[in-house]
Amino acid sequence: MNLILIGFMGVGKTSVGERLAERLGCPLIDTDALIEEVYSMTVAEIFEKYGEASFRKTEKAVVERVSKLRECVIATGGGVVLDRENIDRLKGHGLLIHLSLSPRAIYRRIGSEAKRPLLKTNNPRKILKALFQSREALYRAYSDFTVERNGMNVEETVERILEMVASCGAAGRFQHHLSRKGRIMSNHFGERFRIVTFGESHGKAMGVVVDGIKPGFDFDVEAIQKELDRRRPGQSHLVSPREEDDRVEVLSGVFEGKTLGTPICLLIPNKGYDPKAYDSLRDLFRPGHAGYTTLKKYGIRDYRGGGRHSGRETVARVAAGALAKRELEKEGIQIIAYTKEIDGIMAQRIDFDEIQRNPLRCPDREASKRMETKVLSYKTQGDSIGGIVEVIAHNVPPGLGDPVFGKLDSEIARALMSIGAVKAVEIGDGFEAARMRGSEHNDQMDRHGFKTNHAGGILGGISTGQEIRARIAVKPTPSIEKEQDTIDIFGHERRISIRGRHDPCICPRIVPVAEAMMALVLYDALLRQRDLEEKGDGLDQSRLEIEALDRRLIQLLAERNEISSRIGQYKEERGITIRDRTREKNLLDERLKWGKEAGVDAEIVKQIFHGILAESRKIQKQ
């Protein structure tokens with residue numbers, strides 16, 4: 001899918017195209033620039049030396065070449081619409097976006113520029129107006145939508161284009177660019193079980209909107225609160241002393257203890273926020289934090305504890321994950337995480353009952369004591385330490401995951417890596433697999449199933465039915481009292497020491513977050529798998545698909561009628577006869593050819609398009 005900018009000379013196709021391509025993270029192709037490369041001279045020089053006919057011939061060849069490209073922004077010359085084959089080629093693989101300006105505005109922008117060969121006359125204003133009138137109707141007729149640029153700068157024009165593309169059903173191929181490569185932060189997760197989190201660390205509240213819970217389900221707010229309490233700060237001398245009770249408030253989607261099937265909004269007010277504590281750091285970049293990169297990307301940052309990049313953001317994930325965990329538990333799926341290693345001290349004994357008995361959430365009591373000594377030592381030194389957290393999912397059914405780009409392990413890795421402090425993810429044997437032979441790593445099978453689980457419960461991106469096992473590398477808390485080198489927003493070298501309420505080790509509080517992210521992935525995958533299985537029921541599903549197609553057909557007819565109305569207005573203003581029998585015959589022949597290629601009966605094609613053409617004539621007469 002390409003985005004193709006068409007329009008009259010001087011409307012800003014190249015400048016808008018450059019910014020649009022930058023926002024989407026894709027190439028800009030300028031057809032006039034390519035033509036200039038062919039001749040090694042400017043457009044004006046080509047017109048003067050070889051004439052317009054030669055230019056248009058080369059333009060046609062260039063359009064044929066660029067129309068084969070994918071996921072590009074293409075800025076075309078103003079006369080590209082003069083050849084219908086150009087339009088057909090471009091529309092075959094993209095959206096045509098018409099940039100429009102009034103003739104007066106265009107003349108103010110370009111005047112009688114010598115580089116505009118078509119305006120080299122004694123009366124350029126008159127020629128410009130005549131050319132504009134002859135071409136503007138073609139731009140509007142051929143384009144998928146028009147952006148009126150009068151009074152809009154480049155940035156505003158690009159924003160309008162992105163809004164239109166995002167709302168257009170044909171723009172699916174660009175959706176990932178719009179959501180991930182635009183200036184808007186990605187705050188949503190999931191496909192069938194969807195969440196959007198909001199709030200900043202030192203704002204008034206954090207929260208999440210959850211969509212995808214069916215109506216009539218029992219809603220247990222205490223189950224959510226239980227998970228939030230596990231993540232809450234101030235629970236021990238080994239975590240942040242920030243005072244937050246993290247009491248969840250249900251704002252929507254629940255009535256009399258039952259889900260309504262509408263979005264559920266959960267709000268967690270910030271009680272212990274203290275933005276003034278960060279006034280001294282307003283102009284400083286904190287090492288290990290996202291302040292520098294955020295400012296570079298968005299041109300603005302929330303210096304109050306990191307804003308959206310703070311670990312506080314994860315409270316919303318845990319709230320949403322609690323809902324997913326509860327639904328998974330109904331299927332017998334259990335998720336448990338724990339601190340596996342800190343500062344080289346590894347849990348040797350795995351006792352799940354021990355996890356909640358010690359402040360580091362380690363399943364090995366003896367190892368936990370040694371870990372605690374290390375963490376307190378670093379805290380005393382004004383430093384921090386990282387670690388490894390393991391998360392396990394029991395009783396996951398086989399068959400979850402959507403290869404090749406929606407593999408279950410890739411979705412789990414993405415979810416876990418989205419946690420701010422996580423720097424690496426292992427699944428199964430992980431990096432150890434690189435040191436093994438195939439005969440060692442392969443999970444051999446017998447009539448009882450798999451003999452081992454080196455793969456971590458996932459093969460080919462699909463769950464095997466074994467336990468899913470993943471580990472995350474958690475970095476040391478970057479906010480430390482030890483003095484460090486940094487710079488301020490003006491580029492001056494500075495020294496920084498961060499005092500405040502920070503975790504000396506993040507591992508124990510990441511445990512419920514890792515469980516939440518695993519739950520969100522597995523529940524979403526479970527719902528997608530059920531959709532796949534239910535599609536086998538045939539008749540009802542097929543009828544729904546036909547209904548969707550018919551609805552789209554009607555929408556397309558409505559769009560066609562709007563274009564017919566504009567064409568009728570154009571013909572009326574110029575005294576052009578409404579009916580053109582030769583053109584209608586050519587259109588019908590062309591559509592019969594399309595029908596034959598698609599295997600559609602010729603009589604049905606005739607009936608449809610005779611009706612459409614009759615309706616078009618009727619609208620044009622009005």
Side-chain angles (χ1 to χ4, degrees), residues 1-14 16-17 20 31 56 59 63 67 73-107 109-110 118 127-152 156-165 167-171 555-580 583-584 587 612-613 615-622:
M1 173 67 67
N2 297 318
L3 299 185
I4 302 117
L5 304 180
I6 64 173
F8 201 68
M9 67 178 83
V11 298
K13 297 186 293 293
T14 300
V16 170
L20 181 60
T31 58
R56 297 299 174 204
E59 180 178 60
V63 166
S67 65
V73 174
I74 300 174
T76 65
V80 74
V81 295
L82 299 177
D83 190 321
R84 180 56 191 264
E85 285 187 28
N86 287 340
I87 296 299
D88 290 341
R89 285 194 176 107
L90 292 169
K91 281 192 79 101
H93 299 289
L95 289 174
L96 261 61
I97 302 164
H98 169 214
L99 301 184
S100 180
L101 271 173
S102 68
R104 179 174 296 182
I106 292 172
Y107 192 77
R109 287 167 62 95
I110 66 174
L118 296 178
I127 294 298
L128 185 147
K129 187 175 181 180
L131 282 171
F132 180 87
Q133 289 176 342
S134 66
R135 292 184 182 179
E136 186 71 3
L138 292 175
Y139 297 137
R140 292 183 182 274
Y142 293 146
S143 65
D144 291 288
F145 51 79
T146 294
V147 177
E148 302 287 352
R149 286 209 65 198
N150 294 304
M152 293 173 65
E156 291 168 336
T157 305
V158 170
E159 289 291 346
R160 182 64 181 139
I161 291 171
L162 292 177
E163 289 172 6
M164 289 180 159
V165 172
S167 65
C168 177
Q555 290 172 344
L556 290 171
L557 284 172
E559 292 173 15
R560 194 183 197 284
N561 288 344
E562 288 181 10
I563 295 171
S564 295
S565 178
R566 294 202 298 266
I567 293 174
Q569 184 179 356
Y570 179 86
K571 288 180 176 179
E572 182 181 8
E573 290 173 354
R574 291 158 182 76
I576 300 173
T577 305
I578 294 295
R579 187 165 192 177
D580 185 338
R583 174 169 168 73
E584 286 188 7
L587 285 176
I612 289 174
L613 292 172
E615 179 69 8
S616 181
R617 291 194 299 271
K618 177 182 171 182
I619 291 170
Q620 290 183 34
K621 287 177 182 178
Q622 294 173 352

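Below, each value reflects all heavy atoms present in this structure, side chains not excepted, and no hydrogens, waters or symmetry copies. Just so you know, residue 1 is the first one in the sequence shown, and it goes up from there. In this text the structure is predicted, and so the values were computed from the model without any measurement.
Although no hydrogens or angles enter the test, the distance criterion places no donor-acceptor pair under 3.5 Å between the side chain of K13 and the main chain of I74. A donor-acceptor pair under 3.5 Å is absent between the side-chain atoms of S564 and the main chain of I619, judged by distance alone.
Side-chain contact check for N2 versus V73: every heavy-atom pair is 4.5 Å or farther apart. Within the 4.5 Å cutoff, the side chain of N86 has no heavy atoms near those of the V81 side chain. Between T76 and E59, the closest side-chain pair of non-hydrogen atoms is not below 4.5 Å. Taking 4.5 Å as the limit, some side-chain heavy atom of I612 sits within range of a side-chain heavy atom of R560. Between K571 and T577 there is no side-chain heavy-atom pair separated by less than 4.5 Å.
Among residues two or more places apart in sequence or in another chain, the ring pair (Phe, Tyr, Trp, His ring centres under 6.0 Å) test is passed with Y142 by none. Under the ring pair (Phe, Tyr, Trp, His ring centres under 6.0 Å) criterion, Y570 pairs with no residue, sequence neighbours left out. Scanning for side chain to side chain contact (heavy atoms under 4.5 Å, CB included) contacts around E584 gives R579, L613, R617, with sequence neighbours left out. The side chain to side chain contact (heavy atoms under 4.5 Å, CB included) check on S102 picks up R104, A105, N150, with sequence neighbours excluded. Residues satisfying the salt bridge (charged side-chain N to carboxylate O under 4.0 Å, His left out) test with D88, not counting sequence neighbours, are R84. Judged as a side chain to side chain contact (heavy atoms under 4.5 Å, CB included), and not counting sequence neighbours, E572 has no contacts.
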Do I4 and L95 pass the side chain to side chain contact (heavy atoms under 4.5 Å, CB included) test, and can you show the C-alpha distance, the side-chain angles, and the key distance before you say yes or no?
CA-CA 6 Å; I4 302 117; L95 289 174; 6.0 Å; no
For Q569 and S565, what are the C-alpha separation, side-chain angles and deciding distance, and is it a side chain to side chain donor-acceptor pair (under 3.5 Å)?
CA-CA 6 Å; Q569 184 179 356; S565 178; 5.8 Å; no
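L557 contributes atom CG, which lies 11.0 Å from atom OG of S616 (distance to the nearest 0.5 angstrom). Taking CE of M9 as the reference point, atom CD1 of I106 lies at 8.5 Å (rounded to 0.5 Å). Expressed to the nearest 0.5 Å, how far OG of S100 lies from CE of M152 amounts to 11.5 Å. Taken from CG in L96 to NZ in K91, the straight-line distance is 5.5 Å, to the nearest 0.5 Å.
Under the side-chain contact (heavy atoms from CB on, under 4.5 Å) test applied with V11, the options I6, L5, V147, L99 reduce to a single match, L99.
Between E559 and R566 there is no salt bridge, since none of the side-chain N atoms of the basic residue sits less than 4.0 Å from a carboxylate O of the acidic one. E156 and R160 are not joined by a salt bridge, as no carboxylate oxygen comes within less than 4.0 angstrom of a charged side-chain nitrogen.
With no hydrogens or angles considered, a side-chain donor-acceptor pair links H98 and T146 at under 3.5 Å.
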